[in-house]
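First comes the structure, then the notes that go with it.
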2 protein chains.
Amino acid sequence: MVVDIEQAVIEAILGGRMRPGTRLGESDLAELFDVSRTRVREAMMRLETRGIVQVLPRRGWFVVEPSADEARAAFHARRVIETGLLHMVSAMPASALAGLRRHVEIERAAIAGGDIGSSACLLGDFHIHLAEVCGNPLLTEILRDLTARTVLVSMLYQSRDDAAASNDDHVAILDALEAQDFPRAAALMAEHIDHVEAGLDLTLQPDRLAGLRELFITDAAGPAGAPPHGATDVAAALRPHPPAATPPGAILSQQPKDD
Amino acid sequence: MVVDIEQAVIEAILGGRMRPGTRLGESDLAELFDVSRTRVREAMMRLETRGIVQVLPRRGWFVVEPSADEARAAFHARRVIETGLLHMVSAMPASALAGLRRHVEIERAAIAGGDIGSSACLLGDFHIHLAEVCGNPLLTEILRDLTARTVLVSMLYQSRDDAAASNDDHVAILDALEAQDFPRAAALMAEHIDHVEAGLDLTLQPDRLAGLRELFITDAAGPAGAPPHGATDVAAALRPHPPAATPPGAILSQQPKDD
DNA sequence: CCCATCAGCCTTGTATGCAAGGGTTCATCT
DNA sequence: AGATGAACCCTTGCATACAAGGCTGATGGG
């Protein structure tokens with residue numbers, strides 16, 4: 001299904017595996033997912049209308065590289081929606097709160113364990129889950145896409161990333177929700193998103209080489225064998241689970257269709 | 001361009017010319033816009049990801065007919081975003097206010113003139129313009145799509161439509177904005193959207209024949225000459241300016257929402 | 001007379017083929 | 001050597017052809 005490609009790209013972004021500017025060649029993706037270019041184009045166009053990728057005519061599809069203005073707009077939009085959502089909530093079921101508690105606990109563990117990749121992913125997931133339990137699928141969808149954008153922004157402009165502070169913020173928000181103090185939860189959410197945005201340096205020129213640089217840092221042994229097209233390895237990014245030493249020829253093609 | 005088709009559909013919906021459930025045949029649109037089916041499919045798929053149309057496999061593309069739950073979700077989303085937006089605004093340029101003042105004046109005139117079609121369109125446009133002057137293109141886009149949805153909802157579930165009251169609400173919101181009392185503006189906005197939603201009867205079975213019924217009411221002279229494809233005339237709906245076949249004054253004023 | 005079955009048509013679904021345009025590289029000229 | 005131009009290759013853009021499935025209408029049987 002075409003939704004697989006879309007979802008794979010979104011998840012790769014949310015999981016921090018796919019950087020802004022990554023080229024998504026139609027033929028490459030077609031081969032990777034074992035579908036025709038037609039399906040890939042469908043997925044790309046859907047992702048384009050969701051603001052996740054953009055096309056440069058005759059050049060190719062690329063994961064968006066939000067400008068500073070677009071970055072600010074994305075954070076502003078999240079502030080608007082997430083605080084609006086909390087302001088308007090009138091009650092939250094205990095089960096939902098429990099689920100969110102579990103989530104922040106997992107966050108904490110991942111951060112304590114130093115797992116940068118999955119902790120970033122989990123921190124973003126918190127907001128999506130929070131939207132989910134508010135019961136509006138439209139807003140959940142919108143926030144998922146906005147979160148993907150802000151994750152991309154973070155990759156481009158990140159100057160510091162205080163995951164522990166974010167986790168603390170999440171806990172504080174949950175405390176307010178548990179106390180049924182929704183205005184306070186909304187205020188805390190606004191502050192939290194402010195903190196995250198403040199951790200960026202939007203005056204910075206986007207660091208387009210960050211992905212490549214990381215490759216050299218983390219994998220200094222074999223830098224000569226560069227990926228065929230461009231700086232980032234699309235196949236690796238799209239693979240459901242992070243780096244991992246490449247299993248013998250196990251790309252996405254041999255996964256069952258029903259996923 | 002493919003964006004033309006997308007935009008034409010959106011505008012036809014916002015303008016109240018295209019009803020929920022309208023079938024959008026690929027070949028028909030291709031002929032209408034003089035493009036190939038490929039381009040039409042692109043547009044449809046983009047509109048599908050925006051939640052405006054849906055595809056029934058091997059059946060065709062249709063303008064969405066939101067269920068009662070989806071209707072509530074759409075209004076809720078608008079409440080969340082529009083109140084959140086106003087809550088977060090810290091200043092509004094005088095020129096923007098002036099533009100909005102002009103807009104509500106035009107609304108008033110259209111309502112006074114009994115121009116049902118364009119007054120409904122203008123009432124929706126107010127919210128989009130308000131979002132626009134808040135300066136966040138992302139949210140503007142999102143609200144445009146949500147507004148299109150709520151317009152469709154209104155067509156399906158409308159029991160009464162107090163355009164004058166909506167216009168009054170808009171004026172009150174503008175007054176609050178002019179007084180720099182943004183929390184009050186947000187509260188008024190929440191009330192306003194509540195009013196609009198309250199004017200619907202979401203327990204009602206959607207009236208799928210409303211479009212056809214209207215055709216017979218307004219055009220009783222020649223009911224035999226039915227539109228070539230299905231109940232609603234896609235070509236007429238997509239045409240930038242309303243009916244045109246009948247003298248301007250007569251039709252629109254005598255459109256009672258019979259219910 | 002009514003109902004079931006089947007064939008034809010009309011719809012979307014999907015792949016493939018060709019066209020168009022931009023980048024890169026190599027060769028040639030200054 | 002450097003610059004410039006052209007040819008090639010690789011990319012997306014787009015249309016068309018065919019496949020698959022549902023709906024409708026006709027036809028035959030009960």
Side-chain angles (χ1 to χ4, degrees), chain A residues 1-9 18 21-65 208 212 226-235 238 252-253 257-258, chain B residues 1-9 21-65 208-209 212 226-235 238:
Chain A
M1 286 288 290
V2 62
V3 71
D4 285 343
I5 305 180
E6 259 184 279
Q7 204 171 339
V9 171
M18 186 172 281
T22 301
R23 192 172 111 72
L24 299 170
E26 292 184 4
S27 313
D28 295 346
L29 290 182
E31 190 180 339
L32 211 58
F33 285 85
D34 193 34
V35 298
S36 76
R37 268 184 54 215
T38 305
R39 315 288 296 276
V40 174
R41 277 181 72 78
E42 279 186 25
M44 290 301 110
M45 283 185 297
R46 292 187 133 101
L47 285 173
E48 192 184 29
T49 81
R50 295 170 66 180
I52 304 296
V53 307
Q54 62 179 351
V55 63
L56 273 62
R58 311 277 178 190
R59 294 282 314 278
W61 298 89
F62 298 86
V63 176
V64 292
E65 301 178 88
R208 307 188 54 180
L212 190 56
H229 313 285
T232 50
D233 183 356
V234 176
L238 285 173
L252 281 173
S253 56
K257 292 279 189 182
D258 60 337
Chain B
M1 286 289 288
V2 62
V3 71
D4 286 343
I5 304 180
E6 259 185 279
Q7 204 172 340
V9 171
T22 302
R23 190 172 113 72
L24 299 170
E26 292 183 5
S27 314
D28 296 346
L29 290 182
E31 191 180 339
L32 211 58
F33 285 85
D34 192 35
V35 297
S36 76
R37 267 184 57 216
T38 307
R39 315 287 297 274
V40 175
R41 276 181 71 78
E42 278 185 26
M44 290 301 111
M45 284 185 298
R46 290 187 135 100
L47 286 172
E48 191 184 31
T49 80
R50 295 169 66 180
I52 304 296
V53 308
Q54 62 179 351
V55 63
L56 274 62
R58 310 277 176 190
R59 294 281 313 278
W61 298 89
F62 298 86
V63 176
V64 291
E65 302 179 87
R208 307 188 53 179
L209 301 178
L212 189 57
H229 315 282
T232 51
D233 185 354
V234 177
L238 285 174

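All figures in this text were calculated on a predicted structure; none of them were measured in a lab. Numbered from 1 within each chain, the chains take letters A, B, ... in sequence-line order. As a basis for the values below, the full set of heavy atoms in this structure was taken, side chains included, without hydrogen atoms, waters or symmetry mates.
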Could you check how far [atom1] of [X] sits from [atom2] of [N], rounded to whole Å?
{"X": "B/Glu48", "N": "C/dT12", "atom1": "CD", "atom2": "C1'", "result": "12 Å"}
{"X": "B/Glu42", "N": "C/dG13", "atom1": "CD", "atom2": "C1'", "result": "15 Å"}
{"X": "B/Met45", "N": "D/dC14", "atom1": "CE", "atom2": "C1'", "result": "13 Å"}
{"X": "B/Glu31", "N": "C/dT12", "atom1": "CD", "atom2": "P", "result": "13 Å"}
{"X": "A/Glu26", "N": "C/dG17", "atom1": "CD", "atom2": "C1'", "result": "14 Å"}
{"X": "B/Asp34", "N": "D/dC14", "atom1": "CG", "atom2": "P", "result": "14 Å"}
{"X": "B/Phe33", "N": "D/dC14", "atom1": "CZ", "atom2": "P", "result": "16 Å"}
{"X": "B/Phe62", "N": "C/dT11", "atom1": "CZ", "atom2": "P", "result": "11 Å"}

Does atom CD of B/Glu31 have more than 12 heavy-atom neighbours, drawn from other residues, nucleotides or ligands, at distances under 6.0 Å?
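Atom CD in B/Glu31 is not packed in, count stays at 12 or less.
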Per [X] side chain, nearest of listed nucleotides [options]:
{"X": "B/Arg37", "options": "C/dT12, C/dA15, D/dG13", "answer": "C/dT12"}
{"X": "A/Arg39", "options": "D/dT16, C/dT14, D/dG13", "answer": "C/dT14"}
{"X": "A/Arg23", "options": "C/dT12, C/dT14, D/dT12", "answer": "D/dT12"}

So, A/Glu26 and A/Trp61: side-chain donor and acceptor under 3.5 Å apart, yes or no?
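A/Glu26 vs A/Trp61: donor-acceptor pair found between side chains.
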May I ask you to verify if any side-chain N or O of A/Arg41 is less than 4.0 angstrom from the OP1 or OP2 atom of D/dA15?
no
Does a nitrogen or oxygen in the side chain of B/Thr38 sit under 4.0 Å from OP1 or OP2 of D/dC14?
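False: B/Thr38 side-chain N/O out of range (4.0 Å or more) of D/dC14 OP1/OP2.
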Qualifying residue, where the test is side chain to side chain contact (heavy atoms under 4.5 Å, CB included) with B/Leu47 and the options are B/Val64, B/Val55, B/Val9, B/Ile5
B/Val9
Protein and nucleotides 20-22 of chain D: nitrogen or oxygen contacts under 3.5 angstrom:
{"residue": "D/dA20", "atom": "N3", "partner": "B/Arg58", "partner atom": "NH1", "Å": "2.8"}
{"residue": "D/dG21", "atom": "O4'", "partner": "B/Arg58", "partner atom": "NE", "Å": "3.4"}

Between atom CG of B/Asp28 and atom CZ of B/Arg37, what is the distance when rounded to the nearest 0.5 Å?
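Taking CG in B/Asp28 and CZ in B/Arg37, the distance rounds to 11.5 Å.
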Give, for atom CG of B/Asp4 and atom CZ of B/Arg39, the distance between the pair rounded to the nearest 0.5 Å.
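If I round to the nearest 0.5 Å, the distance is 9.0 Å.
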